[in-house]
Novice: 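Here it is, the structure in full.
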Amino acid sequence: MKTMVNIALPKGRLGEQVYAMFEAAGYECPSIREKNRKLIFENEEKGVRYFWVKPSDVAIYVERGAADIGVAGKDILMEYGPDVYELLDLKCGVCKMMVAAPEGFHDDSDRTLRVATKFVNIARNYYAGKSRDIDIIKLNGSIEIAPILGLSDVIVDIVETGTTLRENNLKVYEDIFPISARLIANKANFRFKSAEIERLTNQLKAQVEPE
Ligand code: PRP
C-alpha cells in the first residue's frame, strides 16, 4: 500500500493559498475544492491526505504526530515552541509581530507597562529581554480595542497591511519579528516517511524559489 503523508492545513485564506502551492507542486486533491463542510480529503494516488484545522492548532497536530507535516505561522511557532522540525519558509502569509499604541504614547519606565495580547509568551520574552516590568492582559481577538478603552497601554499583535491600526488611530512603536508561513514536520514521523516528505518539500521549494 502506498505511504500516505498526513498534512494539516490552516483553515482560511492562508490555507487556500498554501493548498494552491501543494497543488502546483504536484500534490493535488481535487475533492478539496468541492463546496462542502468536510474536513479530511485524500488522493491515494498522490499519497496525500489533507485536513483543515484551526490555524493555531496545526502545530499541536504535528507535534503529537496526528499530522506528519503541516503549515503554521512563525507567530504560532514562537508562541508555543512546539517540538517539530521547521522544513521550509513558504514565504506567504507575510506579516510582522509589533508593539503598537495610541498616537502620542510615551513609555514611562517608572510604571508597569500594561500589555494586551493574544501572544503572552512572545510578549513576556520580548519585554524580559528589555528588563521591562509588564502586566499582561490576555485577550482572544480585537486586541486593538484595549488601549483605546484604557484596558492597556500598548498591544503586542500581528500587523499585515496596517489598516486595522490606522483605522483605530494606533501606531507601530516597535518591530518584534517578521512572520511567514512555515512547513513543519513531526520529528518521529519524518524519519518513517523521510523519502516522501523530502520529495514533497523539494517540490514545494521549487514553488517558493523558482530557478
Ligand atoms: C489580525 C491581527 C490584526 C489584523 C492585522 O487579526 O490581530 O487585528 O489581523 O491586519 P492588518 O494590518 O492587515 O489590518 P485577525 O483578523 O486574525 O482577528 P483577531 O485578532 O481580532 O482575532
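Every number for a ligand or one of its atoms is a count from 1 in the order of the listing. Position 1 is the first residue of the sequence, and the numbers go up from there. As a basis for the values below, the full set of heavy atoms in this structure was taken, side chains included, without hydrogen atoms, waters or symmetry mates.
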Novice: Strictly inside 4.0 angstrom of atom 16 (O) of ligand 1, do you find any protein heavy atom?
Specialist: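 Within 4.0 Å: no protein heavy atom nearby.
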Novice: Between Y126 and E174, do the side chains contain a donor N or O and an acceptor N or O under 3.5 Å apart?
Specialist: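 Side chains of E174 and Y126: pair found under 3.5 Å.
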Novice: Of all the non-hydrogen atoms in the protein, which one sits nearest to atom 11 (P) of ligand 1, and at what distance?
Specialist: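 In this structure, atom 11 (P) of ligand 1 has T161 OG1, 3.3 Å as its nearest protein heavy atom.
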Novice: Going by an N to O cut-off under 4.0 Å, is there a salt bridge joining R166 and E103?
Specialist: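 Not counted as a salt bridge, because no side-chain N and carboxylate O are separated by less than 4.0 Å.
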Novice: Which is closest to atom 4 (C) of ligand 1 by heavy-atom distance: L165, T164, D157?
Specialist: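 The nearest heavy atom belongs to T164.
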Novice: For the aromatic rings, using the six-membered ring if either is Trp, is the centroid distance between F51 and F41 under 6.0 Å?
Specialist: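 They do not qualify: ring centres at least 6.0 Å apart.
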Novice: So if I apply the side chain to side chain contact (heavy atoms under 4.5 Å, CB included) rule between V84 and each of R182, K187, E63, which one comes out positive?
Specialist: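 The passing option is E63.
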Novice: Look at atom 21 (O) of ligand 1 and say which protein heavy atom is nearest, naming residue and atom and giving the distance to 0.1 Å.
Specialist: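 Its nearest protein heavy-atom neighbour is S142 N, 2.8 Å.
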Novice: Give a yes or no on whether atom 7 (O) of ligand 1 lies under 4.0 Å from any heavy atom of the protein.
Specialist: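 For atom 7 (O) of ligand 1 the answer is yes, since some protein heavy atom falls inside 4.0 Å.
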Novice: Could you please spell out the steps behind the ring pair (Phe, Tyr, Trp, His ring centres under 6.0 Å) verdict for Y27 and Y50?
Specialist: CA-CA 10 Å; Y27 294 90; Y50 292 101; 8.3 Å; no
Novice: Indicate whether the side chain of N140 and that of K138 have a donor and an acceptor atom separated by less than 3.5 Å.
Specialist: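 Per modelled atom types, N140 and K138 side chains form a pair under 3.5 Å.
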Novice: Tell me yes or no: between the side chains of S180 and D89, is some donor less than 3.5 Å from an acceptor?
Specialist: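 The answer is yes; a qualifying pair exists.
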Novice: For atom 18 (O) of ligand 1, what is the closest protein heavy atom, and at what distance to 0.1 Å?
Specialist: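 Heavy-atom neighbour on the protein nearest atom 18 (O) of ligand 1: K118 NZ, 4.6 Å.
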Novice: Students should be able to answer this: which protein heavy-atom is nearest to atom 1 (C) of ligand 1, and at what distance?
Specialist: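 Checked against all protein heavy atoms, atom 1 (C) of ligand 1 sits closest to I158 O, 4.5 Å.
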Novice: Checking a contact table here: which protein heavy atom is nearest atom 3 (C) of ligand 1, and how many Å away?
Specialist: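 For this ligand atom, the closest protein heavy atom is E144 OE2, 3.2 Å.
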Novice: State the atoms of ligand 1, each with its element, that fall below the 4.0 Å cut-off from a heavy-atom position in V159.
Specialist: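 Counting from 1, the qualifying ligand atoms are 12 (O).
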Novice: If the cut-off is 4.0 Å to any non-hydrogen atom of G162, which atoms of ligand 1 fall inside it?
Specialist: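 Those atoms are 11 (P), 12 (O), 13 (O).
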